[in-house]
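In this text the structure is predicted, and so the values were computed from the model without any measurement.
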2 protein chains.
Amino acid sequence: MTTAPDSPNQIMIRKLDSIFVLTDEEKQALTDLPVQIKNIKTNHDIVRVGDQPAQCCFIVEGFTCVYKVSIEGKRQIMALHVPGDIPDLQSLHLRVLDINIASISPCKLGFIQHKDLNQLFERHPRLAGVFWRETLIYASIFREWLLNIGQREAYSRIAHIICELMLRLKAVGLVENNTFHMPVTQAEIADATGMTPVHVNRVFQALRSDGLIQTDKSRMTIPDWNKIQQAGEFDPLYLHIEKDAAS
Amino acid sequence: MTTAPDSPNQIMIRKLDSIFVLTDEEKQALTDLPVQIKNIKTNHDIVRVGDQPAQCCFIVEGFTCVYKVSIEGKRQIMALHVPGDIPDLQSLHLRVLDINIASISPCKLGFIQHKDLNQLFERHPRLAGVFWRETLIYASIFREWLLNIGQREAYSRIAHIICELMLRLKAVGLVENNTFHMPVTQAEIADATGMTPVHVNRVFQALRSDGLIQTDKSRMTIPDWNKIQQAGEFDPLYLHIEKDAAS
DNA sequence: CGAGTACTTGAGGATACTCAACGGTCGTGG
DNA sequence: CCACGACCGTTGAGTATCCTCAAGTACTCG
């Protein structure tokens, strides 16, 4: 009685439901949101600094990242986004974007008009709180990354980011047998952790030889969660996940 | 006809007005918010990881910081807050705090109950958007700090943080003749920039001898804005300030 | 099969850290 | 009024983590 189970909106609903349990009515309202689907290629800017979008997008498939480039030309990746995430939700209240968002893999995106979101919030005031909460969790992740980059050494830093991705993918049901698709290059990990690709590569080798990760192309397997969690000093409180999706 | 001009709420109103111009009616509603004032000493935790506060606070006087401690015992300061700021506004939608907030100078704080805020939002829906915007700007600052720590070298990093503080203080009218009160120790700057106090000290000496800053106790003077702005690669877009307060 | 991209390896070097000690200032109390 | 402790800032010497530069190897795709 609920809805088309394969509507692209479902992945976003699953994500939101993982951080704040939704009623059936709210899920229905979200399912009915008008959405425009677009496919984009790898390494394509979705929005750029200075843009003033009238819409935001959520990820149906693929990974995106938020980045800025320093005047010296160095790129910092500030966030990675996985299916279900809404990377530019902030544009709802910050009209002028101060960041770039790009795909780092082939992506399927769903675009929602701001006006449709605002209408939704009028009818379902609790949902405004859920979306607000979503933006606050992104802020919380930024803070954790600050701790990560500022205080942890390279080995823990990379272990931490892998732990985070695994839990976030698990929340939307994209982890099976401790294995998940992670289409992130070592160069991108480098830009996300404030390191060089060369050093990331060396740390990856150390993580592999210590049995913390197994990689095969872009598939990542975590043989021993406790071990990598400890290495990454990972405490999931900051993700504010309330409910894990069973996969 | 507005209100008691010296009510403690005014500093918060001035801050909010700087990021989203308020109507007189909205200012009045904010002035009427019930507030409890408390004075606290330096280096005192206001809230801690795991707390579930039913209120949030704004700063009337003094500076606070948001911090976390890694398992290795290293402290990362993720944000500095100045008068007018609402450091724990996120607690409105993230019930369990994942951060600590502490004073770094003697502070006067105003506490607002969550229920009073929610009531305010019901009567003035636009204000909910303003407070949401406020949390989004904090997120934007976190992102800029990521760029700062991840990609810039020590000299620019410290110049940048000084630029930011000056602009934020200017927005609430706390800068006179390019001089402002900055009660932040070098050890705190170190924890905020992911450096050691020793190295911060050396960079401060370089900044002084290059004529970018002048310090006298906790008073900071910026003789040449363009120079330090350039050194810090500082672009204020990310602060999303719409209106500067004249001092 | 060639070009592009990602990954890997080596050697040398620089930024920033660690450890340790000293000086200056301020508030407190005898 | 001076002595004391506490905190902050400063300086020096040695060092480690991570960077730079450079080249070479796999893999994928048209």
**Q** Given atom CZ of F204(A) and atom C1' of dT9(C), what is their separation to the nearest angstrom?
**A**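 Taking CZ of F204(A) and C1' of dT9(C), I get 17 Å after rounding.
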**Q** Name the closest nucleotide to the E153(A) side chain, picking from dC18(D), dT28(D), dA6(C).
**A**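 That would be dC18(D).
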**Q** If you pin N201(B) and H199(A) to their nearest nucleotides in DNA chain D, which one's is more 5'?
**A**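 The residue closer to the strand's 5' end, by nearest nucleotide, is N201(B).
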**Q** Let me know the distance between CD1 of I189(B) and C1' of dC7(D), rounded to the nearest Å.
**A**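 Between C1' of dC7(D) and CD1 of I189(B): 17 Å.
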**Q** Atom CD1 of I104(B) to atom P of dC8(D): distance rounded to whole Å?
**A**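 Value for this atom pair: 11 Å.
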**Q** Can you check whether any acceptor in the base of dG12(D) is under 3.5 Å from a donor in the side chain of R202(B), or vice versa?
**A**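 Such a pair is found, so the answer is yes.
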**Q** Without hydrogens or angle criteria, can the side chains of Q205(A) and N201(A) be said to hold a donor-acceptor pair below 3.5 Å?
**A**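 There is such a pair between these side chains.
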**Q** Does a side-chain N or O of Q186(A) approach OP1 or OP2 of dT5(C) to a distance below 4.0 Å, or not?
**A**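 Checking Q186(A) against dT5(C): no side-chain N or O falls below 4.0 Å of OP1 or OP2.
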**Q** Using whole Å, what does the distance between atom C1' of nucleotide dT28(D) and atom NZ of K41(A) come to?
**A**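 That distance rounds to 17 Å.
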**Q** What's the CD-P distance between Q205(B) and dG23(C), to the nearest Å?
**A**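 In whole Å, dG23(C) P and Q205(B) CD are 16 Å from each other.
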**Q** Could you state the atom-to-atom distance from CG of D191(B) to P of dA16(C) in whole Å?
**A**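 Spelled out: CG on D191(B) to P on dA16(C) is 17 Å.
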**Q** Is the distance from OP1 or OP2 of dT10(D) to the nearest side-chain N or O of R208(B) less than 4.0 Å?
**A**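 Indeed, a polar side-chain atom of R208(B) lies that close.
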**Q** With a 4.0 Å cut-off on heavy atoms, is R152(A) in touch with a base, just the backbone sugar-phosphate, or nothing at all?
**A**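 Nothing: the residue R152(A), judged by heavy atoms under 4.0 Å, touches no strand.
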**Q** From the options dA16(C), dA22(D), dT18(C), select the nucleotide whose nearest atom is closest to the side chain of R157(B).
**A**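 Ranking dA16(C), dA22(D), dT18(C) by closest atom to the R157(B) side chain puts dA16(C) first.
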**Q** Let me know the distance between CD of Q151(A) and P of dT17(D), rounded to the nearest Å.
**A**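 So the CD-P distance, Q151(A) to dT17(D), works out to 16 Å.
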**Q** Among I141(A), I137(A), L174(A), find the residue that satisfies the side chain to side chain contact (heavy atoms under 4.5 Å, CB included) test when tested with R168(A).
**A**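 Between R168(A) and the candidates, side chain to side chain contact (heavy atoms under 4.5 Å, CB included) is satisfied uniquely by I141(A).
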**Q** Is K217(B) close enough to dC8(D) that one of its side-chain N or O atoms is under 4.0 Å from OP1 or OP2 there?
**A**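 K217(B) to dC8(D) OP1/OP2: no side-chain N or O under 4.0 Å.
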**Q** What I want to find out is whether E176(B) reaches R219(B) closely enough, with some N-O distance under 4.0 Å, to be called a salt bridge.
**A**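 Salt bridge between E176(B) and R219(B), a charged N being under 4.0 Å from a carboxylate O: no.
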**Q** Would you indicate whether Q230(A), at its atom CD, is surrounded by more than 12 heavy atoms from other residues, nucleotides or ligands within a distance under 6.0 Å?
**A**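 Count not over threshold, so no.
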**Q** Is it true that the side chains of R208(A) and T215(A) contain a donor and an acceptor less than 3.5 Å apart?
**A**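 Per modelled atom types, R208(A) and T215(A) side chains form a pair under 3.5 Å.
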